[in-house]
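The shown structure was predicted, so the numbers you read here are calculated from the model rather than taken from an experiment.
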Amino acid sequence: MQICVAAGEVSGDQILAPILSRVSGSVSAIYSGVAGPQMIEAGTYPLFPMHRLSVMGVMEVLPRLPDLLSIRYQMKHYVSTSRPTALITCDAPDFNLPLCAHAKSQGIPAIHVVSPSVWAWRRNRIPKIAKQLDLLLCLFPFEPELYADSGLRCQFIGHPLTKQIEFNPDPGRFRTALDLPLTGPLLGILPGSRESEVKRLLPLFLDAFDKLVSKTPHLLGVIPAATDDLYALIQSMISERSIYVVHGQSRQVMAAVTAVLLASGTAALEAVLTGRPTVAAYRMNPLTYCMVKGQLQTEFVTLPNFLAKQTLIPEFIQGDASVYSIVDAMTPMLNEGPTAHFMMEARKIHESLSGDFTDHAATAIIGYLS
């Protein structure tokens, strides 16, 4: 099989790579397309590097739009001329779904992994998505029901994070591995994986840390930097604060700490799957926020709260993301630890998403193409 692939985010690269490897273990397959480092290691020929697609936010996309449209045009041309057995995409729905629609119009099966967040906003996209795809593989058990009336073949395959993240591990071994103090309260600070997010959120998080230090004696912080450039930026911003900065290893940091302060996103789910009490706070470009806010269709922004159907972790968005709201929510987490209710609900989420994600996805893909 000649299979065209496309991933637009680090998470997409991490999700698709093992699936492609598992598919190759059952059938002879050649992969090419928009690929990240893990997909390349799994044997994908990169027509375009994934990082050229990695951009978030309406206003943030605009300067990059000509390049993004050019790549998509070239990918459509490649699909039309090479006539692959299938197109498999992951994440980046604004880029990938129109590409899938083009493949489907050419009679080429279009398979997408990870549903767009229709649970949270713009649920009216579902009929259009159904027309763009042949098969949608979902990470959450509630998602197939959302597409039930659309006619789209949709399957829950489990979430890869549950195989990668141990629930409530002993923090001591992770503190040892990261060369962090073995005793005392430790706050994990995750301001995002993009420079724009770090510049927007880290000053707020650092101000909150300063207030927390006055309420929690001997408090230390640790920040995982996603890249070398961000490592240098974060080091320049923390000044003389008692905060460690480490290269990557965000999940190890979550396992090592007492509590987590993070930007809303996949990291919030990772923290809850680890069993660490968490506060999520996020600010975005005001124009982007105005455009998104009007289309929200849930009272919760973070996935853990939506999955738990309650405020399992405090979430503060835009104007609500203040030093005082963060400090009020975080202080009892640092001084008293997680509540029994939080731990019970976090474990339920871990169990509900468990399963052999890679095997389920590969079986679904091979079965559909056969």
Side-chain angles (χ1 to χ4, degrees), residues 1-9 11-20 22-23 27 29 31-35 39 44 47-48 50 53 68-69 71-80 82-160 295 297 357-358 360-370:
M1 296 183 181
Q2 178 196 352
I3 298 177
C4 186
V5 296
E9 297 285 344
S11 60
D13 182 42
Q14 294 171 340
I15 288 170
L16 270 191
I19 294 174
L20 301 182
R22 187 69 60 87
V23 169
V27 298
Y31 306 110
S32 57
V34 183
M39 292 167 64
T44 302
L47 299 172
F48 298 97
M50 183 190 68
L53 267 63
L68 295 172
L69 292 176
I71 294 173
R72 190 165 68 192
Y73 173 81
Q74 293 176 74
M75 283 294 293
K76 285 182 177 180
H77 180 72
Y78 178 74
V79 167
S80 297
S82 67
R83 304 294 303 174
T85 308
L87 169 67
I88 303 176
T89 62
C90 186
D91 284 343
D94 290 332
F95 178 92
N96 279 326
L97 293 185
L99 180 60
C100 286
H102 175 75
K104 187 177 179 180
S105 72
Q106 302 284 305
I108 297 166
I111 301 170
H112 188 71
V113 186
V114 183
S115 169
S117 300
V118 295
W119 61 272
W121 69 303
R122 290 173 58 200
R123 215 166 277 189
N124 60 345
R125 291 176 290 172
I126 290 176
K128 182 177 180 181
I129 292 170
K131 292 178 180 179
Q132 294 172 311
L133 298 174
D134 293 296
L135 174 64
L136 177 61
L137 303 179
C138 298
L139 307 189
F140 300 102
F142 62 81
E143 290 179 311
E145 185 178 346
L146 295 173
Y147 292 92
D149 297 327
S150 70
L152 174 63
R153 185 171 175 176
C154 185
Q155 184 174 333
F156 167 60
I157 53 176
H159 203 294
Q295 302 191 57
Q297 293 179 278
F357 161 85
T358 303
H360 292 164
T363 300
I365 291 169
I366 294 169
Y368 185 83
L369 296 181
S370 297

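Of all non-hydrogen atoms in N96 and C90, the two that sit nearest each other are ND2-O, 3.2 Å. When all heavy atoms of I126 and L146 are compared, the pair lying nearest together is CD1-O, 3.4 Å. For L139 against P160, the heavy-atom pair with the smallest separation is CD2-CD, 4.2 Å. Closest heavy-atom contact between P84 and I108: O-CG2, 3.6 Å. Between E9 and M50 the shortest heavy-atom distance is O-SD, 3.0 Å. Across every non-hydrogen atom of A7 and M39, the tightest pair is CB-SD, 3.6 Å.
With rounding to the nearest 0.5 Å, the separation of OG1 in T89 from CD in Q132 is 10.0 Å. The CG atom of L69 lies 11.5 Å from the CD atom of Q74; values are rounded to the nearest 0.5 Å. M75 CE to S32 OG: the interatomic distance, rounded to the nearest 0.5 Å, is 7.0 Å. Between atom CG of residue L20 and atom CD1 of residue I88 there is a gap of 6.0 Å, rounded to the nearest 0.5 Å.
Under a cut-off of 6.0 angstrom, the local environment of NZ in K104 is crowded, with over 12 non-hydrogen atoms contributed by other residues, nucleotides or ligands. Counting heavy atoms of neighbouring residues, nucleotides and ligands inside a 6.0 Å radius, atom CZ of F142 exceeds 12 of them. Atom CD of E145 is surrounded by 12 or fewer heavy atoms from other residues, nucleotides or ligands within 6.0 Å.
Looking at V34 and V5, their side chains never come closer than 4.5 Å, going by heavy atoms from C-beta outward. Residues Q106 and R83 meet the side-chain proximity criterion, which asks for heavy atoms closer than 4.5 Å. Side-chain contact between R153 and Y368 is present, with heavy atoms from C-beta onward closer than 4.5 Å. Side-chain contact between I111 and L87 is absent, with no heavy atoms from C-beta onward closer than 4.5 Å. At least one side-chain heavy atom of C154 sits less than 4.5 Å from a side-chain heavy atom of C138. Contact check for L137 versus H112: no side-chain heavy atoms found under the 4.5 Å cut-off. Counting only heavy atoms from C-beta outward, the side chains of Y147 and V118 approach each other to under 4.5 Å. Considering only heavy atoms from C-beta on, Y31 comes within 4.5 Å of V23 through its side chain.
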inquiry  = Before you tell me yes or no, could you show the steps for L133 and L97 under side-chain contact (heavy atoms from CB on, under 4.5 Å), namely the whole-Å CA-CA distance, both residues' side-chain angles and the distance that decides it to 0.1 Å?
reply    = CA-CA 8 Å; L133 298 174; L97 293 185; 3.9 Å; yes
ask   = For S80 and H102, what are the C-alpha separation, side-chain angles and deciding distance, and is it a side-chain contact (heavy atoms from CB on, under 4.5 Å)?
value = CA-CA 8 Å; S80 297; H102 175 75; 2.7 Å; yes
request  = Begin from the C-alpha positions of H159 and F357 and carry the test ring pair (Phe, Tyr, Trp, His ring centres under 6.0 Å) through to its verdict.
outcome  = CA-CA 6 Å; H159 203 294; F357 161 85; 7.3 Å; no
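Remark: side-chain polar atoms of E143 are paired, donor with acceptor, to backbone N or O of F140 under 3.5 angstrom. Checking side-chain atoms of R125 against main-chain N and O of P116 turns up no donor-acceptor pair under 3.5 Å. No donor-acceptor distance shorter than 3.5 angstrom exists from the side chain of D91 to the backbone of V114, with no hydrogens or angles considered. Distance alone, capped at 3.5 Å, is enough to place a donor-acceptor pair between the T85 side chain and the Q2 backbone.
Exactly one of D134, L135, L136 qualifies for a side-chain contact (heavy atoms from CB on, under 4.5 Å) with L152. That residue is L136.
The salt bridge (charged side-chain N to carboxylate O under 4.0 Å, His left out) search around R72 returns none, not counting sequence neighbours.
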